[in-house]
Trainee: 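This structure is in structure tokens; I'll ask about it shortly.
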Amino acid sequence: MSSVMAFALMTMKSLLRRRTIYGIAIVIILALIAIGQIPSFDVSNQGRFILDFGLFGLEIGALVLAIGIAANIYPRDRERRTAMPLLAVPLSRTKYLLGRFTGAALVQSAALVTGSVGLMIVLLLNGLSIPPDLLPATLLLLVEGWFLLAIVFFFSFWTSPPLNAPLTIILFVISQMSVRDFVALMPGVPGVMRFLRMLLPHMDVFHIKDPVVHSVDIPAVYFVLAILYGLAYTAFMLSVALAVFRTRDLK
Amino acid sequence: MKRFVPILITVTLGIAGCAERIDYDIEEVAPEEHLHGEEEHLHGEEEHHDECCDDVHEETSELEGLHTGVHMHESGVRNHGTEWFFNQPWAASFVWGKMLRDTIVLLFIATALFLIPRIRNRKQK
């Protein structure tokens, strides 16, 4: 595990040297500031608007961060031929994937936590209180971000970066859909559509934006279950990515 | 292709474990009392409000024939207007067992996908 952590720290440092992460983080913070400037138009509970849009912005930010950070990691290593000497001796393919994923997850988590702190500051500057469930909601967003990161890594091993982004976005969108809405996309083959929907994750598990905004109490056991579900799906996607990576010829 | 066969078999078996029926699409697996929480009393309230509104309509000629049918519900409770809010996993405790089951199945598949090639490599050595 020490080699994995060392490689993860290397990955984190290389990602921090790139300007992509800073650009995305600045966009997220600017979006939060803009959300805080939305006038209330004398509508009560202005805090709900800020919180709702803010959490939605963080979720989209997690998606953009996952694509921006991870879509180009393996393709760049293959093009620059840095993957071959790494995998020749010091690292197995498993450690390479885990190290890259861990480093990218650390960077993504730092950006999302910064965004969450920014949302809290925006709430305080508008004279609003911070809901107690905001931190657990942020934790669920982190887990969702890790899951999206695993999906991007999976696609990166067999598609190009320009194709990785739309595939990830499509998967993100259709994973939010209910079964009824998904089957309605192609009503002529309901059995096939239902089977396809079963393969996809239930990303509504991560959505606790509505109860947080409306100050509805969420049982702690649900947070634990949702986090475990997210981590399990992340492990599943990483294992599938590893299975694909093992069949790839680096030459 | 040979390498993908155990992967496909493992994934298919795991998904078959998850896919007895569509898991936690709340509207499909929810019990009746969860789906129709307070709607039974709505008709009574609407009739009551119909009577109330009639007086208002008689007084205001512009609103004659118009029927808003506005009625109030207790806040924070499921009703026909808040179905979207309570049809989410956090509010449906009957799907939490399915979430836990899927977590276990996914971890099993991930472990199998991780270990099968390593076991095969050891056997070849």
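Chain letters run A, B, ... following the sequence lines, proteins first and then strands; every chain starts at 1.
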Trainee: Locate the shortest heavy-atom distance separating B:F114 from A:T94; write the atom from each residue and the value.
Mentor: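 Heavy-atom minimum between the residues: CE1-CG2, 3.4 Å.
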Trainee: Compile the donor-acceptor pairs under 3.5 Å between side chains in residues 230-239 of chain A and protein atoms, sequence neighbours left out, one pair per line.
Mentor:
| from | atom 1 | to | atom 2 | distance (Å) |
| --- | --- | --- | --- | --- |
| A:Y233 | OH | A:L199 | O | 2.9 |
| A:T234 | OG1 | A:G230 | O | 2.7 |
| A:S239 | OG | A:A235 | O | 3.3 |
| A:S239 | OG | A:F236 | O | 2.6 |

Trainee: Answer yes or no: are there more than 12 heavy-atom neighbours, outside A:F182 itself, under 6.0 Å from its atom CZ?
Mentor: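 Counting other residues, nucleotides and ligands, CZ of A:F182 exceeds 12 neighbours.
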Trainee: Looking at B:L107, B:T111, B:I104, B:T103, which one has more heavy-atom pairs under 4.5 Å with chain A than the rest?
Mentor: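 Looking at each of B:L107, B:T111, B:I104, B:T103 in turn, B:T103 comes out on top.
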Trainee: Within residues 213-228 of chain A, which positions have a heavy-atom distance to chain B below 4.5 Å?
Mentor: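 Answer by number: A:H214, A:V216, A:I218, A:P219, A:V221, A:Y222, A:L225, A:A226, A:L228.
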Trainee: For B:L113 and A:R246, work out which heavy atoms get closest and say how close.
Mentor: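 So the minimum-distance heavy-atom pair works out to O-NH1, 3.7 Å.
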Trainee: Find the distance between CG (A:L140) and CH2 (B:W90) and round it off to the nearest 0.5 Å.
Mentor: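 Atom-to-atom, A:L140:CG and B:W90:CH2 are 13.5 Å apart.
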